[in-house]
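Below is one structure; the comments refer to it alone.
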Amino acid sequence: MNMPRMILGLGLNLIEGGSVLAAGIPVPSDISVAFTAEPNVNLQSGQRVNFTLSVTNHGPDPVNRLALGSSPIYDELDVSSYSSSGCDGALLLGVVDLENSFYYLYAYQVVGPDSPMAVGETRTCRFSLDFTQWAPPVFSLTFDMRTFDDLDPSNNAATVVLRRAVVAPTTVPSSSPAGLGLLVLVLLVTAWKRQTRSNVRSSKR
């Protein structure tokens, strides 16, 4: 499994080794994840997409540590276009080096050691990215708790689906009745000329 070589904070943070994605951390509560995108259909290249990521602690205990990870982003979204309208926590950008390529992922550090998450509390991160010309017709982005274990894993992930605008097929304008009549006449004259030439050739033989 390829792990991030580094996690680059979108502020001034620089964390080596991807420690926010440590595996197998138990959470003594039920945590749910919600994720939305607006707009998410009829997207054009360069269009701004506004994401809202929310995490809720359903109890029974406070949570002292929690982070979410995103699915890979290759070039479907322009990570350099990032802006945020507010995050209850830190949203970090990771770069994963592969043998011949790389991809990005996000880590949302929801809870740190100095900011426990109370029962019933919801923490939200709102951020925006540009949809790119390299995105496929349908692109899914997921945030989940894959490295944390809680009491109910059924609600530990949420996905948004982004759909590119469908280019309307080029339509051929319909001909007027007069135009269709002229076309039929031309075809008839062409066929008559061919038949006449064929009859002349036959009579000379």
Side-chain angles (χ1 to χ4, degrees), residues 1-11 13 15-25 27 30-56 65-85 87-111 122-150 152-165:
M1 177 179 179
N2 294 294
M3 293 299 292
R5 184 184 62 184
M6 68 176 182
I7 301 293
L8 174 61
L10 296 173
N13 299 318
I15 302 174
E16 297 291 343
S19 60
V20 297
L21 296 181
I25 300 174
V27 177
D30 173 24
I31 301 296
S32 66
V33 180
F35 191 32
T36 63
E38 179 63 35
N40 60 358
V41 295
N42 296 322
L43 294 172
Q44 306 284 344
S45 298
Q47 187 168 355
R48 201 81 172 146
V49 181
N50 302 308
F51 298 94
T52 301
L53 178 61
S54 298
V55 183
T56 301
R65 189 176 184 188
L66 179 64
L68 307 183
S70 78
S71 54
I73 301 171
Y74 289 89
D75 46 19
E76 303 90 351
L77 297 169
D78 181 4
V79 297
S80 68
S81 69
Y82 168 87
S83 67
S84 172
S85 59
C87 281
D88 298 325
L91 186 64
L92 309 172
L93 177 63
V95 182
V96 180
D97 280 334
L98 304 176
E99 185 174 347
N100 297 312
S101 63
F102 66 93
Y103 64 81
Y104 299 101
L105 55 77
Y106 282 100
Y108 180 31
Q109 191 167 356
V110 187
V111 181
T122 295
R123 296 190 179 182
T124 301
C125 184
R126 297 178 179 86
F127 61 98
S128 300
L129 297 167
D130 288 349
F131 191 74
T132 73
Q133 61 181 317
W134 299 285
V138 179
F139 170 63
S140 298
L141 181 63
T142 298
F143 274 85
D144 63 33
M145 290 171 46
R146 74 195 75 175
T147 57
F148 288 80
D149 300 321
D150 79 339
D152 180 8
S154 68
N155 56 5
N156 290 359
T159 300
V160 295
V161 179
L162 306 179
R163 300 181 186 276
R164 178 179 293 282

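Atom set for the values below is all heavy atoms of this structure, side chains included, hydrogens, waters and symmetry mates excluded. The shown structure was predicted, so the numbers you read here are calculated from the model rather than taken from an experiment.
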Side chains of [X] and [Y]: closer than 4.5 Å at any heavy-atom pair?
| X | Y | result |
| --- | --- | --- |
| Val33 | Tyr108 | no |
| Asn40 | Val160 | no |
| Leu77 | Phe51 | yes |
| Met145 | Pro153 | no |

Using a 3.5 Å distance criterion without hydrogens, assess whether the side chain of [X] forms a donor-acceptor pair with backbone atoms of [Y].
| X | Y | value |
| --- | --- | --- |
| Ser71 | Thr142 | yes |
| Arg146 | Ser70 | yes |
| Arg48 | Ser81 | yes |

When rounded to the nearest 0.5 angstrom, what is the spacing between [atom1] in [X] and [atom2] in [Y]?
| X | Y | atom1 | atom2 | result |
| --- | --- | --- | --- | --- |
| Ile31 | Asn156 | CD1 | CG | 8.0 Å |
| Leu129 | Glu76 | CG | CD | 11.5 Å |
| Phe131 | Ser45 | CZ | OG | 7.0 Å |
| Arg126 | Leu91 | CZ | CG | 13.5 Å |
| Leu105 | Leu93 | CG | CG | 7.5 Å |
| Tyr82 | Asp130 | OH | CG | 13.5 Å |

Subject >> Matching residue for Leu141 among Val161, Ile73, Val49, Leu162 - test: side chain to side chain contact (heavy atoms under 4.5 Å, CB included) >> reply: Ile73
**OP:** Fit a plane to each ring of Tyr103 and Tyr74, take the angle between them on a 0 to 90° scale, and name the class: parallel (under 30°), tilted (30 to 60°) or perpendicular (over 60°).
**Re:** tilted
**OP:** Before giving the answer on side-chain contact (heavy atoms from CB on, under 4.5 Å), spell out for Val111 and Arg123 the whole-Å C-alpha distance, their side-chain angles and the decisive distance to 0.1 Å.
**Re:** CA-CA 9 Å; Val111 181; Arg123 296 190 179 182; 3.9 Å; yes
Subject >> Donor-acceptor pair between Thr124 and Asp88 side chains, under 3.5 angstrom >> reply: no
Original post:
Which pair of heavy atoms, one from Thr132 and one from Asp78, lies closest together, and at what distance?
Top reply: CG2-N, 3.4 Å
Original post:
After noting the C-alpha distance and the side-chain angles of Val95 and Tyr104, does the key distance pass the side-chain contact (heavy atoms from CB on, under 4.5 Å) rule?
Top reply: CA-CA 5 Å; Val95 182; Tyr104 299 101; 3.9 Å; yes
